[in-house]
**Student:** 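Following this message is one structure expressed as structure tokens.
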Amino acid sequence: MSGQKIKSISINGFRGIRKQIVIPLSEKSGLFYGDNGTGKSSIADAIEWFYKDNVEHLASKEIDKSALRNFCLSEQESASVQLDLTTSN
């Protein structure tokens, strides 16, 4: 993955994000801003989970991986995080 950049992020049913969102990212710097509780940390947590299969601030004995799944999802709905990356040079 060396040299690759994230082109877009697709998140569905992960933490505070109930319905699928797709965030296109450009070659330039980006900024996420918003009121508390609007999903900024869910986006950062999704990226961390994608790369590390773990979210450090949620990694305690009391919290299992089910805490990463949006609590409003039914058993039949799946949670997912997908990153679209640039091709490596």
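No hydrogens, no waters, no symmetry mates; every other heavy atom, side chains included, goes into these values.
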**Student:** With side-chain contact (heavy atoms from CB on, under 4.5 Å) as the test, would you mind laying out the steps for F50 and I9 before giving the verdict?
**Tutor:** CA-CA 10 Å; F50 181 88; I9 305 166; over 6 Å; no
**Student:** Check the hydrophobic clustering (I, L, V, M, F, W, Y; side-chain heavy atoms under 4.5 Å; chains of links allowed) and say if F14 and I23 are grouped together.
**Tutor:**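 Per the 4.5 Å side-chain linkage, F14 and I23 are co-clustered.
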**Student:** Have a look at W49 and tell me which of V55, I11, L58 forms a side-chain contact (heavy atoms from CB on, under 4.5 Å) with it.
**Tutor:**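 With W49 as partner, V55, I11, L58 yield a single side-chain contact (heavy atoms from CB on, under 4.5 Å), made by V55.
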**Student:** Calculate, to the nearest 0.5 Å, the distance between atoms CG and NZ belonging to L85 and K5 respectively.
**Tutor:**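 The NZ atom of K5 is 12.0 Å from CG of L85, to the nearest 0.5 Å.
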**Student:** Please find the pair of heavy atoms, one from G16 and one from N70, that lie closest to each other, and give the distance.
**Tutor:**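 Minimum heavy-atom separation between G16 and N70: C-ND2, 3.8 Å.
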**Student:** Other than L31, what residues sit in its cluster of Ile, Leu, Val, Met, Phe, Trp and Tyr side chains whose heavy atoms are under 4.5 Å apart, directly or through others?
**Tutor:**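 Its cluster mates, by chain and number, are Y33.
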**Student:** Please find the pair of heavy atoms, one from V81 and one from A46, that lie closest to each other, and give the distance.
**Tutor:**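 It is CG1-O, 3.6 Å.
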**Student:** With E48, which residues qualify under salt bridge (charged side-chain N to carboxylate O under 4.0 Å, His left out), at least two apart?
**Tutor:**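 Result, salt bridge (charged side-chain N to carboxylate O under 4.0 Å, His left out) vs E48: none returned.
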**Student:** Rounded to the nearest 0.5 Å, what separates atom NZ in K40 from atom CG in D35?
**Tutor:**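 So the NZ of K40 and the CG of D35 are separated by 7.0 Å.
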**Student:** With sequence neighbours excluded, tell me which residues meet side-chain contact (heavy atoms from CB on, under 4.5 Å) with S8.
**Tutor:**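 So S8 forms a side-chain contact (heavy atoms from CB on, under 4.5 Å) with D84.
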**Student:** Not counting sequence neighbours, which residues clear side chain to side chain donor-acceptor pair (under 3.5 Å) with S78? List them please.
**Tutor:**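 For S78 there are no side chain to side chain donor-acceptor pair (under 3.5 Å) partners, ignoring immediate neighbours.
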**Student:** Measure the spacing between CG of L25 and CD1 of I6 and express it to the nearest 0.5 Å.
**Tutor:**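 So the CG of L25 and the CD1 of I6 are separated by 6.5 Å.
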**Student:** What residues form a side chain to side chain donor-acceptor pair (under 3.5 Å) with E75, not counting sequence neighbours?
**Tutor:**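 Side chain to side chain donor-acceptor pair (under 3.5 Å) list for E75, sorted by chain: empty.
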**Student:** Can you run down the side-chain hydrogen bond (donor to acceptor under 3.5 Å, both in side chains) pairs that involve residues 10-25, sequence neighbours left out, and say none if there aren't any?
**Tutor:**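 For residues 10-25, and leaving out neighbouring residues, the side-chain hydrogen bond (donor to acceptor under 3.5 Å, both in side chains) pairs sorted by first residue read S10-Q20, R15-D45, R18-E77.
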**Student:** So how far is it from L73 CG to I17 CD1, rounded to the nearest 0.5 Å?
**Tutor:**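 L73 CG to I17 CD1: 11.5 Å, rounded to 0.5 Å.
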